[in-house]
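The structure under discussion appears below in the form of structure tokens.
Numbering of residues begins at 1 and proceeds along the displayed sequence.
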Amino acid sequence: PPSDTNIQMNVYEVNAHSSEVKSGVTTPISCEIRGITNKVTVEWLRQSGTVIKVHSDYVIQPGNINKDEQRQTETLVVKESAVNQDKTYTCRVKSGQFPESPNSNTDVQLNVYKVTAHRADVMSGTDATVSCVISGITSQVKVEWLGKTGIIASDTVYTPSPGNFN
């Protein structure tokens with residue numbers, strides 16, 4: 001006669017968000033695992049597929065499981081020296097309860113852009129144009145100019161104008 005066998009299957013979700021970041025700025029990227037009741041093991045991989053270990057360009061911040069919320073967040077801090085070009089990192093999740101379970105790989109894209117400001121010497125009391133070039137972006141961005149008191153708005157002294165995205 002037929003018999004039923006129950007199999008425990010833990011289903012979880014992995015959320016990791018890609019981001020755009022200015023070149024040379026230390027950047028944390030996180031991998032959140034939801035729907036778990038036991039701690040999982042997370043490895044971060046370089047674009048080449050090699051596992052990131054302790055290194056001068058990275059800090060790995062392991063997370064603890066929050067059993068009430070059934071989630072665990074792991075963070076890789078990419079130090080400014082490694083934030084110099086677009087890179088893909090992979091968050092690899094390994095079951096802590098069932099080691100024979102397949103790994104789950106989630107890619108996180110780090111899109112790096114550069115800002116180049118053009119400097120000039122200007123005589124007091126004369127008009128001047130200040131500009132910057134933002135390169136390496138994948139979509140149009142909002143640029144705000146800051147003065148001593150905060151964001152510069154259009155008035156009789158300043159006239160910020162939008163740039164072109166191409």
Could you walk me through whether Ile52 and Arg46 pass the side-chain contact (heavy atoms from CB on, under 4.5 Å) test, one step at a time? CA-CA 6 Å; Ile52 296 173; Arg46 291 180 183 83; 3.6 Å; yes
Partner residues of Lys39 under the side-chain contact (heavy atoms from CB on, under 4.5 Å) criterion, sequence neighbours left out: Asn64, Ile65, Gln72, Glu74
Can you measure from NZ (Lys22) to OG1 (Thr27) and round to the nearest 0.5 angstrom? 11.5 Å
Please list, chain by chain and in numerical order, all residues satisfying side-chain hydrogen bond (donor to acceptor under 3.5 Å, both in side chains) with Thr75, sequence neighbours excluded. Ser30
If every non-hydrogen atom of Ile137 is compared with every non-hydrogen atom of Tyr113, which pair is closest and at what distance? CG2-CB, 3.7 Å
Could you check Gln70 against Thr37 for side-chain contact (heavy atoms from CB on, under 4.5 Å), going step by step and ending with a plain yes or no? CA-CA 6 Å; Gln70 295 185 337; Thr37 55; 3.5 Å; yes
Is it the case that one hydrophobic cluster holds both Val59 and Val21, taking links as side-chain heavy atoms less than 4.5 Å apart, direct or via other members? no
Side-chain contact, heavy-atom cut-off 4.5 Å: Thr26 with Glu80? yes
Measuring from atom OG of Ser104 to atom OH of Tyr12, what distance do you get when rounded to the nearest 0.5 angstrom? 4.0 Å
Going hydrophobic residue to hydrophobic residue with side-chain gaps under 4.5 angstrom, can you get from Val14 over to Ile29? yes
Got a list of side-chain donor-acceptor pairs under 3.5 Å for residues 123-136, not counting sequence neighbours?
| unit_1 | atom_1 | unit_2 | atom_2 | d |
| --- | --- | --- | --- | --- |
| Thr126 | OG1 | Met123 | O | 2.7 |

Hey, are the side chains of Lys94 and Val40 touching, using non-hydrogen atoms and a 4.5 Å cut-off? no
With Lys142, which residues qualify under side-chain hydrogen bond (donor to acceptor under 3.5 Å, both in side chains), at least two apart? Glu144
Hydrophobic cluster identity match, Leu110 and Val115, side-chain contacts under 4.5 Å: no
Evaluation steps, side-chain contact (heavy atoms from CB on, under 4.5 Å), between Asn84 and Val112: CA-CA 7 Å; Asn84 51 22; Val112 178; 5.8 Å; no
Are the side chains of Asp107 and Tyr89 in touch, meaning some heavy atoms are under 4.5 Å apart? no
Sorted by chain and residue number, the side-chain hydrogen bond (donor to acceptor under 3.5 Å, both in side chains) partners of Ser101 (sequence neighbours excluded) come out as none
Remaining members of hydrophobic cluster (4.5 Å side-chain criterion), Leu146: Ile151
With Ala16 via side-chain contact (heavy atoms from CB on, under 4.5 Å) - residues at least two apart: Thr106, Val108
Can you list everything that forms a side-chain contact (heavy atoms from CB on, under 4.5 Å) with Gln109? Sequence neighbours excluded, please. Ser18, Asp86, Thr88, Asn111
For Val51, which fellow cluster members are found when Ile, Leu, Val, Met, Phe, Trp and Tyr are connected by side-chain heavy-atom distances below 4.5 angstrom, either directly or through intermediates? Leu45
same_hphob_cluster(Trp44, Tyr58) at 4.5 Å side-chain heavy-atom cutoff: yes
Taking only residues at least two apart or on different chains, which pairs with a member in residues 15-128 satisfy disulfide (SG to SG under 2.5 Å)? Cys31-Cys91
Please enumerate all residues that pass side-chain contact (heavy atoms from CB on, under 4.5 Å) together with Arg34, with sequence neighbours excluded. Asn15, Glu32, Arg71
Under the side-chain hydrogen bond (donor to acceptor under 3.5 Å, both in side chains) rule, collect the residues that match up with Ser81, sequence neighbours excluded. Asp57
